[in-house]
Amino acid sequence: MPIKIKIPQPFQNLTANKSEVLAEAGGIADIKALIEALDKLFPGMHQRIYEKGGGLRKFINIYVNGKDTRFLQSDKTSLKDGDSVLFIPAIAGG
């Protein structure tokens, strides 16, 4: 069973306007590996999620099965078959 990734609207220009993509779990051990795999399919994804220095951007929230990875192991959070991953960019304004 593949990993289901929900793509937020601001990133859909990278995924040919797909709001959801699937990734085979084989070889994808954690969030970091998932983002690398997504970047191969959809160039630019890594740049949207990671800072130039290598850390996750602070305004991107990542959830695995409804749990915020900031309270798990960040981009080292493990993934397995059937997991659901959601990227949510923070929205600011006033």
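The main-chain N or O of Pro89 is never found under 3.5 Å from a side-chain atom of Arg57 such that the two would form a donor-acceptor pair.
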Is there a side chain to side chain contact (heavy atoms under 4.5 Å, CB included) between Thr69 and Tyr63? Walk through the geometry before answering. CA-CA 6 Å; Thr69 60; Tyr63 293 83; over 6 Å; no
Step-by-step side chain to side chain contact (heavy atoms under 4.5 Å, CB included) determination, Leu34 to Ile5: CA-CA 9 Å; Leu34 175 67; Ile5 304 109; 3.8 Å; yes
Can you list the steps and then say if Ile3 with Leu22 is a side chain to side chain contact (heavy atoms under 4.5 Å, CB included)? CA-CA 6 Å; Ile3 297 169; Leu22 301 175; over 6 Å; no
Under the side chain to side chain contact (heavy atoms under 4.5 Å, CB included) criterion, do Asp30 and Thr77 qualify, and how do the steps go? CA-CA 5 Å; Asp30 56 23; Thr77 299; 5.9 Å; no
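Counting heavy atoms from C-beta on, the side chains of Leu38 and Phe87 come closer than 4.5 Å. You'll find the side chain of Glu20 reaches within 4.5 Å of the side chain of Lys4, heavy atoms only. For the pair Val64 and Ser84, the minimum side-chain heavy-atom distance is 4.5 Å or more. Side-chain contact between Asn65 and Lys80 is present, with at least one heavy-atom pair separated by less than 4.5 Å. Side-chain contact between Tyr50 and Asp75 is present, with heavy atoms from C-beta onward closer than 4.5 Å. A 4.5 Å side-chain heavy-atom check between Lys6 and Val85 finds every atom pair outside the cut-off.
For the atom pair CD1 of Ile35 and NZ of Lys40, the computed distance is 13.5 Å after rounding to the nearest 0.5 Å. With values rounded to the nearest 0.5 angstrom, Leu86 atom CG is found 15.0 Å from Lys67 atom NZ. The CG atom of Leu14 sits 12.0 Å away from atom CG of Leu41, with the distance rounded to the nearest 0.5 Å. The structure places CG of Leu56 at 4.5 Å from OG of Ser74, a figure rounded to the nearest 0.5 Å. Here the straight-line distance linking atom CG of Asn17 with atom CD of Gln12 works out to 6.5 Å at 0.5 Å rounding.
Residue Ile62 is grouped with residue Val21 when hydrophobic side chains (ILVMFWY) are merged at heavy-atom distances under 4.5 angstrom, including chains of intermediate members. Cluster membership for Ile31 and Phe59, using ILVMFWY side-chain heavy atoms within less than 4.5 angstrom, is shared.
Closest approach of Ile28 to Ala37, counting heavy atoms only: CD1-CB, 4.0 Å. Residue Met45 comes nearest to Thr15 through the heavy atom pair CE-CG2, 3.8 Å, listed as atom of the first residue, atom of the second, then distance. Minimum heavy-atom separation, Asp39 to Gly44: OD1-N, 2.9 Å.
Atom CD of Glu51 has more than 12 neighbouring heavy atoms from other residues, nucleotides or ligands inside a 6.0 Å radius.
Qualifying side chain to side chain donor-acceptor pair (under 3.5 Å) partners for Arg70, counting only residues two or more places apart in sequence or in other chains: Asn61, Asp68.
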